[in-house]
Number of protein chains: 2
Amino acid sequence: MYMSETFDAISEPLPRRVQAGLSKIAMVMRHEAWAQDGTRGLTPTQAQVLALLQARGAMRLSAIAAELAVKQPTASDAVTALTRKGLVEKQSVPDDGRARSIRLTEAGAAAAAGRTEWPDLLRTVVADLPEAEQAALLKTLTRMIRNLQQQGAIPVQRMCVNCRYFRPNAHAEAHTPHHCAYVDAPFGDRHLRLDCPEHAEADAALASANWQRFTTSPHTQEPGS
Amino acid sequence: MYMSETFDAISEPLPRRVQAGLSKIAMVMRHEAWAQDGTRGLTPTQAQVLALLQARGAMRLSAIAAELAVKQPTASDAVTALTRKGLVEKQSVPDDGRARSIRLTEAGAAAAAGRTEWPDLLRTVVADLPEAEQAALLKTLTRMIRNLQQQGAIPVQRMCVNCRYFRPNAHAEAHTPHHCAYVDAPFGDRHLRLDCPEHAEADAALASANWQRFTTSPHTQEPGS
DNA sequence: GCAATATAATTCGGACTCCTATGTATATGT
DNA sequence: ACATATACATAGGAGTCCGAATTATATTGC
C-alpha cells in the first residue's frame, strides 16, 4: 500500500520476517527451558505439564495432550516420568473406568510454585519493553491465539475474548475501555487474560459480536510505518 | 501507574501473561514443525539447520550450534542425520584442519526451498493481523532480540539495528522514517530485517547511538491502555 | 441383552533431541 | 617441542515425539 517500492520489492514478505522473529524467541524459550528446568531434574515437557496442572487442577491425560499439542503417547510418557519422580499421581475417575485423573502431589505443587517464582530470562526481556508495548504485544498475541483456535490448531482457551463476562470497549476511558461483568470492573488491554480461572464460555453469537467490537477499537488504528 | 486497582491487584503481572502467550505460540510452532517437516522425513531441528544453511551458506558446526542455541553434540547429531539423508555435506577447511565446513547439497537446497514456499499455519496467522500490527510486532521482536543479544543469550544477529548502514529516524515521513545507506533508500518499521545478507556490523558507539535514536521514535509513544 | 463399534489410556519400537563427559585431531603460545 | 586450547566426534542416558497395536471400558444398534 504505502511507499518504498525498493524495500517491498527486495525483502522477504513482512509475515515471513515476523515469523522468523517469533522463531528466534521460541528458540530462546526452548533453550531456557532446558537450562532452567534441567537443574531441577525436569525436562521442558514435564515442566509444562506441572504448570498446566497448577493452573487448571486435575486433568485427564487426553486433555493434557490436547493442551500441549502433542499426541497421547507423548503425554503419557511425560506423566509416567513425573509419576516416577513423585510429582503427580493418577486416580481413577468414578463415572468412567477408562479415564484417569492426573493431579499434582504436594511435592509437585511445590515444584510448580518454585518454577513460577524464578524470574526467567524471557520474562525479564518482556519486562524491559515499554509498558505500552507490552500491552500491544499482549493484544496481538490474543488476536493470534484466537485465530489459531478458530483454525482448530489449539483448544479453546479461557481468555477474556471468549468469555461470557467480557464487555469490550464498553467505556470511554482510553486506559480501561473494557469491562468484566464477573468482577464488575473496568479494565484495559494490559489486563487481558489468556487463562482466567473465572472464565465462562460465551455462546457463539456473543463471542463473535464481542470480537467484532474488540478488534475495531479506536486504539487498533495507529499510523503504520 | 494508571487505573484499575482491581485488576492490577488480582492479575498475574503483565510480563508473565505476555510470556504465557509467547509460550502458546512457541507450542504451536513446535507442533507445526513436527507435522510439516515430519511429512518430509525431517525433524524440526534438521529443518532449522537446512534453513540456516540456506540463509547463510556454508557454516561450521560450532556456528550452527551457537545459532540454534544448542550444544555442539546436538548439532553434530542433526548434521550427521542430514548427511546420511544426503541433504548436506562436510568439507575440510583449508586453513584449519580441525574444522569442517557444512553446506547444502543440491537435494538439500531443494528441500530447504520447498520448505520456505509452503504457507505454514503460523505465517497465515501473522498475515491475518492488520498490517500496522504486524509492523509493530516486528519492531517489538526486534527490541526483544537485541536485548537477548546483549545478555549473551543468542549470537549477534544480522539485523538492521546492528548494521553500519542503518540510519534510524533520518526522515520526516511517518511511514518510512529510516534509511539504509547500503541501498540508499528510506524504509519503515515494516521493512526491518532480522537477518540481512548485506549486513555489516556497526561498531559499539554507532550501534548504541542508533539504538537510542531508534527507540525514542515518536511512534513508540502511543497511548497505553 | 449383547455383539459391534468407539473411546481412554498404555505399551512398543524407532528415530531423534538434548545433555555431560570423554576422546581425537589439530592449532597456538612460550 | 610441549603444554594448552580449540573443533569436532563419540558414547551413554533420559526423554520427546511419532505411528501402530493393546487393553480395558463405554456406547450404540439391533
Side-chain angles (χ1 to χ4, degrees), chain A residues 26-50 58-85 87-103, chain B residues 26-50 58-85 87-103:
Chain A
M27 210 178 62
V28 171
M29 293 184 102
R30 184 199 49 178
H31 179 246
E32 278 295 292
W34 274 106
Q36 285 230 349
D37 304 326
T39 67
R40 280 158 228 267
L42 294 174
T43 61
T45 308
Q46 289 166 16
Q48 275 184 296
V49 172
L50 289 185
M59 291 179 80
R60 295 199 178 177
L61 187 72
S62 51
I64 293 176
E67 212 65 45
L68 300 188
V70 297
K71 298 294 180 217
Q72 269 185 19
T74 302
S76 189
D77 283 347
V79 167
T80 302
L82 287 171
T83 304
R84 186 164 33 67
K85 290 173 187 170
L87 301 175
V88 306
E89 59 192 8
K90 300 178 201 171
Q91 299 177 288
S92 39
V93 174
D95 32 316
D96 190 334
R98 298 165 301 179
R100 254 118 261 272
S101 176
I102 293 138
R103 61 168 191 185
Chain B
M27 209 178 62
V28 171
M29 293 183 103
R30 185 200 49 178
H31 179 247
E32 278 295 292
W34 273 105
Q36 286 229 348
D37 304 326
T39 68
R40 282 158 228 266
L42 293 174
T43 61
T45 308
Q46 290 165 17
Q48 275 184 293
V49 172
L50 288 185
M59 291 179 78
R60 295 197 177 179
L61 187 70
S62 50
I64 294 176
E67 212 65 46
L68 300 188
V70 296
K71 298 293 180 217
Q72 269 185 20
T74 301
S76 190
D77 283 347
V79 168
T80 301
L82 288 171
T83 304
R84 185 165 34 69
K85 290 174 187 170
L87 300 175
V88 306
E89 59 191 9
K90 300 177 202 173
Q91 297 175 286
S92 38
V93 174
D95 31 318
D96 190 334
R98 299 166 301 178
R100 260 112 263 263
S101 176
I102 292 137
R103 62 169 192 182

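Predicted model only: the values in this text are computed from it and were never measured. Chain letters run A, B, ... following the sequence lines, proteins first and then strands; every chain starts at 1.
At whole-Å resolution of the value, CG in A/Asp96 and P in C/dT10 are 13 Å apart. The separation between A/Asp37 atom CG and C/dC19 atom P is 13 Å, rounded to whole Å. If you measure from atom CD of B/Gln48 to atom C1' of C/dT17, you get 12 Å, rounded to the nearest angstrom. Atoms CE (B/Met59) and P (D/dC8) sit 11 Å apart, rounded to a whole Å. Between the CD atom of B/Gln36 and the P atom of D/dC17 there is a distance of 17 Å, given to the nearest Å. Here D/dA20 presents its C1' atom at 13 Å from NZ of A/Lys71, a figure rounded to the nearest Å. Between A/Leu82 atom CG and C/dT10 atom P the separation is 13 Å, expressed in whole Å. In this structure, A/Lys90 atom NZ and C/dT10 atom C1' are separated by 8 Å, rounded to whole Å.
Residue A/Arg98 places its side chain closer to D/dT25 than to any other of D/dT25, D/dA7, C/dA9. The listed nucleotides are D/dC8, C/dT10, C/dC19; the one nearest the side chain of B/Asp77 is C/dC19. The side chain of B/Arg60 approaches D/dC8 more closely than any other nucleotide in the set D/dC8, D/dC18, C/dC18. Listed nucleotides: C/dT10, C/dC16, C/dC18. Nearest to the side chain of B/Thr74: C/dC18.
Between D/dG15 and A/Lys85, a contact under 4.0 Å exists linking OP1 or OP2 to a side-chain N or O. At the phosphate of C/dT17, OP1 or OP2 sits under 4.0 Å from a side-chain N or O atom of B/Gln46. Between A/Thr43 and D/dA14 there is no side-chain polar atom (N or O) within less than 4.0 angstrom of OP1 or OP2. OP1 and OP2 of D/dC18 both lie 4.0 Å or more from every side-chain N or O belonging to B/Arg30.
Between B/Thr45 and B/Ala78, the shortest heavy-atom contact is CG2-CB, 4.1 Å. The shortest heavy-atom contact between B/Leu61 and B/Gln72 is CD2-O, 4.3 Å. Nearest approach of A/Ser101 to A/Val93, heavy atoms of both residues: N-CG2, 3.7 Å.
Nearer to the 5' terminus of DNA chain D, by closest-nucleotide assignment, is the contact made by B/Ser76 (compared with the other of A/Ala78 and B/Ser76). Place A/Arg100 and A/His31 on DNA chain C by their nearest nucleotides, and A/Arg100 ends up nearer the 5' end.
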Review point. Do B/Gln46 and B/Leu87 pass the side chain to side chain contact (heavy atoms under 4.5 Å, CB included) test, and can you show the C-alpha distance, the side-chain angles, and the key distance before you say yes or no?
Key: CA-CA 10 Å; B/Gln46 290 165 17; B/Leu87 300 175; over 6 Å; no
Point to revise | A/Val70/A/Ile64 under side chain to side chain contact (heavy atoms under 4.5 Å, CB included): CA gap, chis, key distance, verdict | key: CA-CA 9 Å; A/Val70 297; A/Ile64 293 176; over 6 Å; no
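Using a 4.0 Å heavy-atom distance criterion, A/Ser62 is classed as a sugar-phosphate-only contact. Within 4.0 Å of A/Pro44, counting heavy atoms only, lies no atom of the nucleic acid at all.
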